[in-house]
Amino acid sequence: MRYPLAIIGAGALGLHFAARLSRSGPIALIARDGNHADALRTGIRVGDALYRADAFASARAPAADWVIVLVKAGDTIGAGRIAAAMRPRGVLSLQNGLTEAMLRAGVGEPSAQRRVAQGITTEGAFRDASGVTPSGAGETLVPPGFEPVVELLLRAGFRARVEPDIVAARLAKLLVNVAINPLAAIFRVSNGSLLEPPYRVYLDALVREAWPVLRAEGLMLDEAAARDRVVAVATATGANRASMLQDVLAGRRTEIDAITGVLLEMAARQGQPVPTHQAVLRLVQLLEPG
Ligand SMILES: NC(=O)c1ccc[n+]([C@@H]2O[C@H](COP(=O)([O-])OP(=O)(O)OC[C@H]3O[C@@H](n4cnc5c(N)ncnc54)[C@H](OP(=O)(O)O)[C@@H]3O)[C@@H](O)[C@H]2O)c1
């Protein structure tokens with residue numbers, strides 16, 4: 001069978017998307033191995049319902065028209081190779097950080113027959129011992145060319161749209177991530193705490209340094225708007241534990257390289273100083289396993 005849509009990565013967000021999409025049409029969920037796929041076919045709790053997934057081991061992934069990648073950033077190239085073997089019309093990352101270059105390294109360069117690009121989503125979900133819990137509805141923005149994916153998402157009840165300036169949208173999300181994620185992980189505090197002393201001075205410094213770098217890459221926000229955006233997200237997600245904090249607490253590798261690491265590469269190319277970001281990158285790396 002050729003699926004209209006598949007998701008690679010049966011973690012928190014992949015399961016959240018797949019469970020809801022399965023109610024409006026077939027969706028293949030690609031897990032890392034056969035054991036995980038078998039468990040997902042038996043059923044897993046997503047929200048209040050049991051979801052019995054059309055799950056496959058990555059080595060047995062079926063053909064699909066469109067593939068959404070929802071693995072952690074460090075697994076992107078491998079997921080891209082799996083996606084390429086599914087002979088899709090397009091591969092869309094909805095990961096955090098900037099992962100499009102890694103995705104292309106795995107899938108191959110985009111062509112008229114195959115689109116490869118990164119969108120963004122503010123949907124949220126987290127894993128616990130008994131399954132996956134959605135943590136708030138958001139919006140999913142995809143680059144032009146992925147209209148069929150938007151249709152499938154809308155049909156499943158997600159908020160989604162094509163964003164013509166996806167580069168600026170990705171940079172605005174990166175701005176929020178470079179400011180909030182590392183500090184939450186280092187100080188082990190919820191997002192809202194970063195707006196108060198003694199953390200606020202670091203948050204402001206990270207925004208001040210990141211803004212001109214991201215602006216030079218296409219961010220469409222002035223400095224005050226950039227600061228307002230970060231404050232608004234930290235306020236709206238005040239009680240949440242950032243994903244990087246969850247990774248540190250669980251002893252997992254973080255996505256710091258695809259978030260702060262990417263900003264440092266941009267800054268180096270531009271000759272802009274970003275000393276606070278260099279410091280938090282090192283501190284987060286020290287918290288990672290190994
Ligand atoms: N969770 C959220 O609320 C949220 C919100 C916005 C964006 N995001 C972004 O979405 C991405 C996924 O996040 P998440 O929270 O869902 O992570 P997660 O819970 O860690 O899930 C990632 C899943 O991908 C699997 N995986 C890794 N390599 C694979 C491969 N080669 N083949 C098949 N499966 C593979 C992992 O399997 P193993 O467990 O075996 O490694 C894991 O089940 C990240 O970039 C994150 O930043 C997440």
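The figures here come from the full heavy-atom set of this structure, side chains too, leaving out hydrogens, waters and symmetry mates. Atoms within each ligand, like the ligands themselves, are counted from 1 in listed order. Residue indices begin at 1 and follow the sequence shown.
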**Identity and distance of the protein heavy atom lying nearest atom 23 (C) of ligand 1** = Gly11 N, 3.6 Å
**Message:** I want to check a possible cation-pi pair here: Arg20 against Phe158, using under 6.0 Å from ring centre and within 45° of the ring axis as the test.
**Reply:** yes
**Prompt:** Residues two or more places apart in sequence or in another chain: which of them pass salt bridge (charged side-chain N to carboxylate O under 4.0 Å, His left out) with Glu151?
**Reply:** none
**Request:** Kindly indicate whether the side chain of Leu194, heavy atoms from C-beta on, has any atom under 4.5 Å from the side chain of Tyr202.
**Result:** no
**Residue and atom name of the nearest protein heavy atom (relative to atom 16 (O) of ligand 1), distance in Å to one decimal** = Leu13 N, 2.8 Å
**Request:** Report, in ascending order of atom number, the atoms of ligand 1 lying under 4.0 Å from any heavy atom of Ile82.
**Result:** 30 (C), 31 (N), 32 (N)
**Backbone of Trp66 reached by a side-chain donor or acceptor of Arg89 within 3.5 Å** = no
**Message:** Please tell me whether Val233 and Leu219 are part of a single hydrophobic cluster in this structure, the criterion being side-chain heavy atoms less than 4.5 Å apart.
**Reply:** yes
**Under 3.5 Å side-chain donor-acceptor pair for Arg45 and Ser130** = yes
**Item:** Identity of the nearest option to atom 3 (O) of ligand 1, non-hydrogen atoms only, from Ala31, Ser93, Ala125
**Value:** Ala125
**Prompt:** Below 3.5 angstrom, do we get any N/O pair linking Ala12 and ligand 1?
**Reply:** yes
**Request:** Apply salt bridge (charged side-chain N to carboxylate O under 4.0 Å, His left out) to Arg200 and Asp204, showing your working.
**Result:** CA-CA 6 Å; Arg200 180 62 187 259; Asp204 289 342; 3.0 Å; yes
**atom 13 (O) of ligand 1 [closest protein heavy-atom partner, distance rounded to 0.1 Å]** = Lys72 CE, 3.9 Å
**Request:** Would you verify whether the NZ or CZ of Arg41 falls within 45 degrees of the ring axis of Phe56 while also being under 6.0 Å from that six-membered ring's centre?
**Result:** yes
**Asked** Considering only the protein, which heavy-atom contact is closest to atom 20 (O) of ligand 1, and what is its distance?
**Response** Arg127 NH2, 3.0 Å
**Asked** Which heavy atom of the protein is the closest neighbour of atom 12 (C) of ligand 1, given with residue, atom name and distance?
**Response** Leu70 O, 3.5 Å
**Request:** Please confirm whether Ala10 comes under 4.0 Å of ligand 1, counting heavy atoms of the residue only.
**Result:** yes
**Prompt:** Ile30 heavy atoms, cut-off 4.0 Å: which ligand 1 atoms fall inside?
**Reply:** 33 (C), 34 (N)
**Item:** Identity and separation of the nearest protein heavy atom to atom 7 (C) of ligand 1
**Value:** Asn96 ND2, 3.4 Å
**Request:** Name the option, out of Gln95, Arg252, Glu123, Arg32, that contains the heavy atom nearest to atom 34 (N) of ligand 1.
**Result:** Arg32
**Fill in**
of all protein heavy atoms, closest to atom 47 (O) of ligand 1 is Glu255 OE1, 2.5 Å
**Prompt:** For ligand 1, is any non-hydrogen atom under 4.0 Å from Asp75's backbone (N, CA, C, O), its side chain (CB onward), both, or neither?
**Reply:** side chain
**Fill in**
The protein heavy atom nearest to atom 11 (C) of ligand 1 is Val71 O, 3.6 Å
**Complete:** Those residues at least two apart in sequence (or on a different chain) that pass salt bridge (charged side-chain N to carboxylate O under 4.0 Å, His left out) with Arg104 are Glu100, Glu109
**Fill in**
Counting from 1 in the order shown, the ligand 1 atoms closer than 4.0 Å to a non-hydrogen atom of Gly124 are 3 (O)
**Thr99 side chain to Thr76 side chain, donor-acceptor N/O pair below 3.5 angstrom** = no
